[in-house]
Structures are given as structure tokens and as C-alpha cells.
Amino acid sequence: MSLLCDLQINLNHEFTFFLNKGLISEYSGFLKKKVKQNNNKNSRIILHIEDFPGGPDGFDLVSRFCYSNGEGISINISNVSILYCSSVFLEMTENLCSSNLSLQTEKFLEGMFYWSWNDIISCLKSCEKVFLHADSYGLVDKLVFGVLAKTAQGSDMSQVFASFSTSSSASTSSMSPETAKTRSTSRSFSCKTSNESTSRSFSCKTSNEWWFDDLSSLGPKIIEKLVNNLGAYDHNNDSLVLTRFLLHYLKTEVHYKSNNKLEYAGLANTAVQGVIFAAKTAFSCRKILLVFRVLSGFGISKESKNGLERVIGEMLDQATLDDLLIPTGGKREKGVYDVDLVIRLLKLYVSSCNTEGDEYLKFRRMGKMIDKYLREISPDQNLEVSKFLEVAESLPDSARDWFDGLFRAIDIYLESHPNLSSEDRTKLCRCLNYKKLTLEICKQLAKNPKIPPSIAVQALKSQQLSKETLPDSREDKIKLNKTRNSRKYLEEKRYSLVDGFEDDLRVDLERRHWHKVMDHSEKVCKEKRSEIVSRLASRKHFHSSSNFRRLC
């Protein structure tokens with residue numbers, strides 16, 4: 001026993017192998033040097049090996065190769081990565097033995113360009129078990145190059161990852177039958193290109209996207225190697241197709257629910273750069289908000305977050321109320337919704353907004369949407385008065401024709417927070433412009449027991465002072481001009497709605513103005529009639545002359 005098993009190898013302090021040192025030294029240069037360094041010729045040599053590629057399974061395969069004179073194992077797709085790394089680690093080169101393990105594995109890998117697509121993916125998948133060794137020995141780069149070559153077979157690689165216009169013939173020729181049969185039709189993360197009016201999905205396969213699902217089965221380190229080989233890692237990503245793949249990859253369930261999200265931070269930052277690069281032409285505001293919510297969970301950098309927020313802020317007028325109701329990610333102590341994010345987006349929007357022409361109308365619509373947003377978040381018990389005011393005051397007064405919607409949000413907030421101090425209730429109302437409250441809402445404010453009396457007095461006083469003031473908006477001035485020229489319009493105006501509410505104050509002012517005009521007209525008519533009667537009386541004899549026949 002001692003003669004046959006005179007070498008003891010302790011693997012990772014967990015597994016022990018008993019080998020013949022003479023036999024194993026014929027194939028492994030690494031073990032041969034270790035044996036020579038040990039001078040114990042008559043006793044068993046004990047060696048300790050750490051971090052052996054493939055662990056005990058890998059070492060067992062190598063042992064069987066040596067004991068069978070290089071014929072005891074069959075090299076295949078599933079074990080070639082482990083055998084290759086093991087042979088390099090143990091220095092099993094031709095210097096010791098012809099047709100040694102290193103040579104056999106290299107010859108097997110040289111035929112990868114004749115493998116099927118699924119074989120290459122399976123081999124790359126097996127590299128995850130020995131990634132550090134496979135990467136340092138160059139095996140991962142070889143397989144990644146094989147994947148890229150298969151993907152771009154018959155077409156230009158730059159076109160595959162730079163646009164959607166590449167011919168589908170390349171992908172069809174390299175698509176495996178298995179992939180063709182299982183092509184996914186799921187839809188998510190839809191976006192719009194400048195040449196298309198219909199929505200696309202990051203999961204909806206175009207001619208260049210048939211490989212999305214297959215590569216999504218690989219680990220993040222291998223995908224990083226792939227992106228690096230394309231020269232698009234981190235800040236260098238200007239490819240829309242690659243960006244779409246990364247978004248598809250990161251939202252895949254196995255990666256989205258990963259416990260170690262930091263492994264994906266580099267890929268997430270790369271995806272962000274691609275989104276920012278193509279934001280104005282390929283993504284809607286809703287889709288970028290969705291991307292932001294997904295990628296934020298992968299630990300993207302502060303620079304990436306700021307870049308995404310800037311892009312969203314510049315196109316925030318495209319968002320809907322549902323888009324702005326962004327959860328806080330389970331942090332209930334901070335509230336139900338991420339109000340801080342909305343505040344930052346609003347400030348970015350205002351700084352980039354041009355209040356002229358169509359942009360002016362979008363600005364007004366934004367004011368209405370933010371009032372709805374405030375009404376939606378007001379019941380949140382964790383929403384502080386300061387945060388409510390920050391949202392309300394993020395937009396200037398010019399963004400609102402009337403402040404009725406904002407008052408309703410305040411009313412809901414006061415109803416949901418009954419224990420607010422008088423100071424906080426007074427502070428909450430500072431965002432109201434009392435001159436832009438309709439008469440009906442002003443009456444409601446004055447009667448509301450939750451509103452401090454000083455606020456009610458101030459609101460009524462502002463209404464009284466603004467009675468003779470013309471409306472601010474261009475639309476209201478046009479309506480007033482019509483009223484002055486049409487009594488019928490005045491009567492109809494009494495029942496018209498301004499954003500859905502009666503404008504009693506303006507109708508009353510217009511009616512008084514009309515009555516003044518009519519009273520003045522009647523007075524002038526009476527004076528003219530008296531003058532005519534006087535003239536007729538002075539010419540009485542002329543009317544009774546023989547020139548006129550008597551009627552009776």
C-alpha cells in the first residue's frame with residue numbers, strides 16, 4: 001500500500017487523495033516539482049493544494065487521466081473547461097508527455113467554431129464553476145469570442161450592436177434549431193425608435209435579438225467579459241441593441257432576485273449610459289422611469305442616477321400620474337411613495353422648461369397633474385408638511401390657472417392628519433394663491449373648521465381686493481371681451497365651468513358691468529325722447545294746418 005500510494009494530497013483541507021508519486025509526476029510538472037522539493041524518500045509525501053479548479057471532481061478527472069495513460073476520460077462540452085483549467089494549473093504539458101491533457105483540451109477547444117450555438121453557451125456556463133482560473137488562463141475570452149462570432153456570423157459586428165437595421169439573414173443562419181423553436185414572445189420595457197411609431201419590447205426579438213434569452217442564462221461576470229470585449233463597458237456604451245439586451249438581462253427573474261446585487265452594478269451602469277445616450281429618440285418618459293426603478297436596485301453609481309434623473313426631468317411632461325407614484329422600495333418609515341425623487345424631477349423640469357407656445361400649455365398641464373399627485377399622496381401618514389410644500393412649491397404660480405385643485409389636496413391632507421398643530425396648518429396654506437381661488441372654493445375655505453381663522457380672513461380679503469382685477473390668463477381675457485359684446489353670452493356664462501367649477505365671482509362682476517351699460521343706455525333714451533316731445537310741442541300749429549287731414 002505504501003509503495004502504491006506514497007503521495008497524499010490534501011485538497012482545500014477537505015478532501016484527501018492517495019496517489020503514486022512516480023506515476024503522477026510523469027504527467028504533472030507542478031506535482032513533480034513539489035515531490036522533488038520533499039526529501040522524504042522512504043515515507044509518504046503529504047502535499048496541500050488550495051483553490052484547485054473544479055475542486056475534488058476536477059482532481060478526480062485528472063487522476064483518472066493519469067492512471068489510464070491518457071485514455072480513461074472523454075473530453076466533452078460539459079467537462080472541457082474544468083479539464084483545461086486543471087491541466088494548466090498542474091502544468092500537464094507536452095514537455096512531460098506527448099498528447100498530455102493540455103494538448104488534448106486545446107485541440108478540443110479549437111473546434112468551437114464548428115460547435116452549435118447551444119454548445120458554446122453550455123461551455124461558457126460551465127466556466128462559472130472555475131471562473132477565476134478560466135479567466136486568468138484566457139479560456140473565457142476564447143469562448144466569448146466564439147459567442148460573438150456566432151452572433152455576428154455573416155454580418156458586421158458593429159452593425160449588430162449599433163442599430164436595428166441589420167439584415168436578419170445573419171441571425172437566421174446562426175440561430176440554433178432549439179433557440180428558433182423556443183423564441184420568446186414576452187413583452188416588457190417597450191421603447192420607440194425614431195423610425196418606428198409602434199412600441200418595441202426589450203424581450204420582443206428582432207432579427208438581431210434572438211440571442212437575448214440564451215445569454216441571459218449566464219452569470220454577470222461572463223456578461224461583463226462579453227461587454228468588455230465589445231469595448232462598451234461602463235461609460236462607452238452607445239449601442240441601443242446592447243442596451244436593450246442588458247435591460248432584458250437585468251430584469252430576468254434569476255438576476256433581478258439575486259441576493260448579491262453588487263455583482264450587477266457594472267452592467268447596470270453600462271445600461272444606464274446606453275439609455276441616456278438614446279433617451280430622446282428611443283425611450284418614452286414612462287419607460288425611463290421604469291428603467292430607473294429596476295436599475296436602482298442594482299446599486300448604480302450616483303453619476304448614473306443623476307444622469308437618468310436629468311433625462312426624466314427634461315421630459316417629465318410626458319409622464320402620467322401613475323408614473324409619478326413611485327414606491328419607496330419597502331422603506332415604510334420614509335412613506336409609501338418616493339416623494340424626494342418627484343421633487344428632484346420637478347426642479348429639473350422647471351429649470352429646462354420654456355414657458356412659451358406649446359411648452360406653456362404643457363407647463364399648465366403639469367400644474368394640474370401635480371395637484372392630482374398631491375391629492376393622491378396626502379393620506380400618507382408619513383408625509384411631512386415640509387415635503388408636501390416642497391412638491392406644491394416646486395412649480396411657480398404661472399403653472400396653475402386656479403389653485404382650487406391644490407386647496408383640495410390641502411383639505412385631504414388636513415383630514416388625514418387631524419393632530420396637526422395650528423402652526424403647521426397655517427404653514428401648509430402658504431402655498432395657496434388666494435387671488436386664484438374661485439368664489440365657491442374661497443367660501444369652502446372660509447367655512448372649513450380645519451383652516452385657521454387668520455387664513456380664512458386673508459383669503460376673503462384677497463378676493464375683495466381682486467374684484468376689479470382682470471383675469472391673468474389669455475383665455476380668460478378673451479372670454480371677458482366676448483361677455484362685454486353679448487348679453488346672451490353673459491347669461492350662458494353664469495352656467496359655464498372653469499376646469500369643472502362655477503366662476504360666480506367673475507359672472508357677478510360682468511353682470512354688474514352689463515347693468516351699468518343698460519342703465520346708461522336707458523337714461524340716454526329717455527333724454528332723447530323728452531327732447532323729441534318738446535320739439536313736437538313747439539311745432540303744434542304746423543301739424544294742425546290744412547296741409548294735414550284730420551283723422552276725426
Side-chain angles (χ1 to χ4, degrees), residues 1-110 112 122-143 219 221-222 225 259-260 263:
M1 181 70 178
S2 60
L3 294 176
L4 295 177
C5 302
D6 51 1
L7 176 62
Q8 178 180 332
I9 296 179
N10 295 331
L11 205 65
N12 300 332
H13 298 288
E14 295 180 0
F15 302 93
T16 303
F17 289 85
F18 296 95
L19 304 169
N20 182 279
K21 63 182 180 182
L23 180 64
I24 204 74
S25 296
E26 292 180 6
Y27 293 91
S28 173
F30 174 82
L31 292 177
K32 185 176 182 179
K33 286 186 288 186
K34 292 291 184 181
V35 168
K36 283 185 177 181
Q37 291 172 2
N38 196 305
N39 297 323
N40 296 329
K41 296 181 179 180
N42 299 324
S43 60
R44 179 179 296 159
I45 298 175
I46 301 176
L47 299 179
H48 297 276
I49 299 178
E50 299 290 336
D51 300 324
F52 185 81
D57 293 335
F59 198 85
D60 181 62
L61 287 173
V62 172
S63 301
R64 284 196 285 162
F65 176 85
C66 296
Y67 273 85
S68 64
N69 196 24
E71 298 179 356
I73 60 173
S74 175
I75 301 176
N76 54 49
I77 297 295
S78 61
N79 64 19
V80 66
S81 58
I82 293 177
L83 289 174
Y84 178 84
C85 293
S86 299
S87 66
V88 176
F89 184 92
L90 294 174
E91 301 174 10
M92 302 177 73
T93 64
E94 290 183 271
N95 295 333
L96 298 174
C97 172
S98 62
S99 190
N100 208 344
L101 185 59
S102 292
L103 180 62
Q104 291 192 33
T105 53
E106 286 176 1
K107 285 184 177 180
F108 186 87
L109 291 171
E110 286 176 0
M112 74 170 64
S122 298
C123 194
L124 259 178
K125 186 73 176 174
S126 67
C127 283
E128 294 176 6
K129 300 176 183 178
V130 290
F131 180 79
L132 292 178
H133 294 93
D135 187 31
S136 62
Y137 299 155
L139 177 59
V140 174
D141 286 331
K142 288 181 180 180
L143 292 170
K221 293 181 179 178
I222 291 179
K225 294 292 293 185
N259 293 326
N260 190 4
E263 289 184 330

Can you label the angle between the Phe30 ring and the Phe89 ring as parallel, tilted or perpendicular, going by 30° and 60°?
->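 It falls in the tilted class, 30° to 60°.
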So which heavy atom on Ile82 is nearest to which on Gly54, and how close?
->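 In terms of heavy atoms, the two residues are closest at CG2-CA, 4.1 Å.
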Can any side-chain N or O of Glu128 pair as donor or acceptor with the backbone N or O of Gly219 at less than 3.5 Å?
->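 Confirmed, Glu128 side chain pairs with Gly219 backbone.
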For Glu94 and Asn100, indicate whether the former's side chain and the latter's backbone hold a donor-acceptor pair under 3.5 Å.
->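 Side chain of Glu94 to backbone of Asn100, a donor-acceptor pair under 3.5 Å: no, none is there.
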About how many Å separate OG of Ser28 and CZ of Phe65, when rounded to the nearest 0.5 Å?
->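 Reported to 0.5 Å precision, the distance equals 11.5 Å.
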Find out whether Ile77 and Phe108 are in side-chain contact, i.e. whether some heavy atom of one side chain is under 4.5 Å from a heavy atom of the other.
->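 Yes, close enough: below the 4.5 Å cut-off.
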For Lys129, look at atom NZ and say whether over 12 heavy atoms of other residues, nucleotides or ligands are found less than 6.0 Å away.
->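 No, because the 6.0 Å sphere around NZ of Lys129 holds 12 heavy atoms or fewer from other groups.
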Hey, is NZ on Lys34 packed in by over 12 heavy atoms from elsewhere, all under 6.0 Å?
->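 For Lys34, atom NZ is not crowded (no more than 12 foreign heavy atoms under 6.0 Å).
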Picking from [options], what satisfies side chain to side chain contact (heavy atoms under 4.5 Å, CB included) with [X]?
X      : options                  : value
Leu143 : Cys127, Ser126, Ser81    : Cys127
Val62  : Leu90, Leu31, Ile73      : Leu90
Ile45  : Leu19, Val35, Ile9, Asp6 : Val35

Can you check side-chain hydrogen bond (donor to acceptor under 3.5 Å, both in side chains) on Ser74 and Asn76, steps first, answer last?
-> CA-CA 6 Å; Ser74 175; Asn76 54 49; 4.8 Å; no
